[in-house]
Amino acid sequence: MEQVRAVVASIPPGSVLSYGDVAELAGLRSARLVGRILAEDSADLPWHRVVRSTGTVADHLRHRQLELLRAEGVLADGARINMRRYRWGT
DNA sequence: TCTCTGACTGCTT
DNA sequence: AAAGCAGCCAGAG
């Protein structure tokens with residue numbers, strides 16, 4: 001999980017990754033594990049740059065996350081982010 | 001140990 | 001477009 005934190009911390013502003021992407025880059029097989037790790041402690045991480053593979057976000061985070069992303073230039077089309085455009089490394 | 005529960009994902013209805 | 005379903009990992013009771 002140290003890897004997970006390292007990966008998330010390395011996502012540049014204006015870009016996003018899906019939980020699955022982070023899991024893969026960190027050498028894990030489960031996207032859910034990534035979400036669980038962030039849920040425990042994401043205080044010093046740019047957690048808002050991690051979204052679902054579809055570009056949507058969990059309800060309890062939707063408002064705050066989209067707001068933080070908007071501040072970095074990642075504009076959401078309603079409640080969904082344009083992954084084709086903002087996904088990191090593609 | 002077993003069961004339940006998610007900041008998830010891809011596939012099929 | 002929306003809802004169901006089966007894998008997925010680790011912590012809590």
Side-chain angles (χ1 to χ4, degrees):
Chain A
M1 23 189 183
E2 293 302 318
Q3 275 298 340
V4 174
R5 300 174 63 82
V7 171
V8 174
S10 68
I11 304 174
S15 298
V16 301
L17 280 182
S18 70
Y19 291 90
D21 291 335
V22 175
E24 190 170 352
L25 290 175
L28 294 178
R29 308 199 300 269
S30 171
R32 308 194 63 153
L33 180 54
V34 174
R36 207 180 67 70
I37 290 173
L38 293 186
E40 285 180 2
D41 175 33
S42 59
D44 47 348
L45 293 175
W47 58 271
H48 55 278
R49 296 183 193 143
V50 183
V51 302
R52 289 206 271 235
S53 63
T54 53
T56 59
V57 173
D59 273 9
H60 53 284
L61 295 172
R62 196 169 50 66
H63 178 72
R64 157 123 84 191
Q65 182 153 20
L66 293 183
E67 186 173 25
L68 288 169
L69 287 173
R70 178 164 45 102
E72 299 184 340
V74 178
L75 305 184
D77 172 28
R80 167 167 298 196
I81 291 171
N82 188 328
M83 289 301 277
R84 284 195 299 203
R85 178 168 165 178
Y86 298 111
R87 195 175 200 164
W88 188 38
T90 56

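Predicted, not measured: the structure shown is a model, and the values here were computed from it. Quick note on labels: first sequence line is chain A, next is B, and so on, each numbered from 1.
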Return a table of donor-acceptor pairs under 3.5 angstrom between the side chains of residues 57-66 of chain A and protein atoms on other chains or two or more places apart.
unit_1	atom_1	unit_2	atom_2	d
A:Q65	NE2	A:H48	O	2.8
A:Q65	NE2	A:V50	O	2.9

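At a non-hydrogen distance threshold of 4.0 Å, A:R29, A:S30 from residues 15-30 of chain A come into contact with DNA chain C. Applying a 4.0 Å cut-off to non-hydrogen atoms, the residues of residues 40-48 of chain A that approach DNA chain B are A:S42, A:W47, listed by residue number. Contacts of residues 59-81 of chain A with DNA chain C (heavy atom under 4.0 Å): none.
Nearest heavy-atom pair, A:G73 versus A:Y86, reported as atom, atom and distance to 0.1 Å: O-OH, 3.6 Å. Pairing each heavy atom of A:L45 with each of A:A9, the nearest pair is CD2-CB, 3.8 Å.
Sorted pairs that involve residues 6-15 of chain A and meet salt bridge (charged side-chain N to carboxylate O under 4.0 Å, His left out), not counting sequence neighbours, are lacking altogether. Residue pairs satisfying the salt bridge (charged side-chain N to carboxylate O under 4.0 Å, His left out) criterion with at least one member in residues 73-84 of chain A, sequence neighbours excluded, are absent. For residues 42-55 of chain A, the salt bridge (charged side-chain N to carboxylate O under 4.0 Å, His left out) pairs, not counting sequence neighbours, are A:R5-A:D44, A:R49-A:E72. Note on residues 19-36 of chain A: pairs passing side chain to side chain donor-acceptor pair (under 3.5 Å), not counting sequence neighbours, are A:S18-A:D21, A:D21-A:R87, A:R36-A:E40.
Counting non-hydrogen atoms under 4.0 angstrom, A:R52 reaches the backbone sugars and phosphates but no base.
A side-chain donor-acceptor contact under 3.5 Å links A:S10 to the backbone of A:V7.
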All N/O contacts under 3.5 Å from nucleotides 10-13 of chain B to the protein, with atom names and distances to one decimal?
unit_1	atom_1	unit_2	atom_2	d
B:dG10	OP2	A:S53	OG	2.9

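The shortest distance between side-chain heavy atoms of A:V8 and A:I37 does not fall below 4.5 Å. Inter-residue side-chain proximity for A:V51 and A:M83 is flagged as met; some heavy-atom pair is nearer than 4.5 Å.
Atom CG of A:L38 and atom CH2 of A:W47 lie 9.5 Å apart (nearest 0.5 Å). Residue A:L28 holds its CG atom at 5.0 Å from CG of A:L33, rounded to the nearest 0.5 Å.
Protein chain A contacts DNA chain C over a range whose 5' and 3' limits, counting nucleotides with an atom under 4.0 angstrom from a non-hydrogen atom, are C:dG7 to C:dG11.
For A:A31, the listed nucleotide lying nearest its side chain is B:dT9; candidates were B:dA7, B:dT9, B:dG6.
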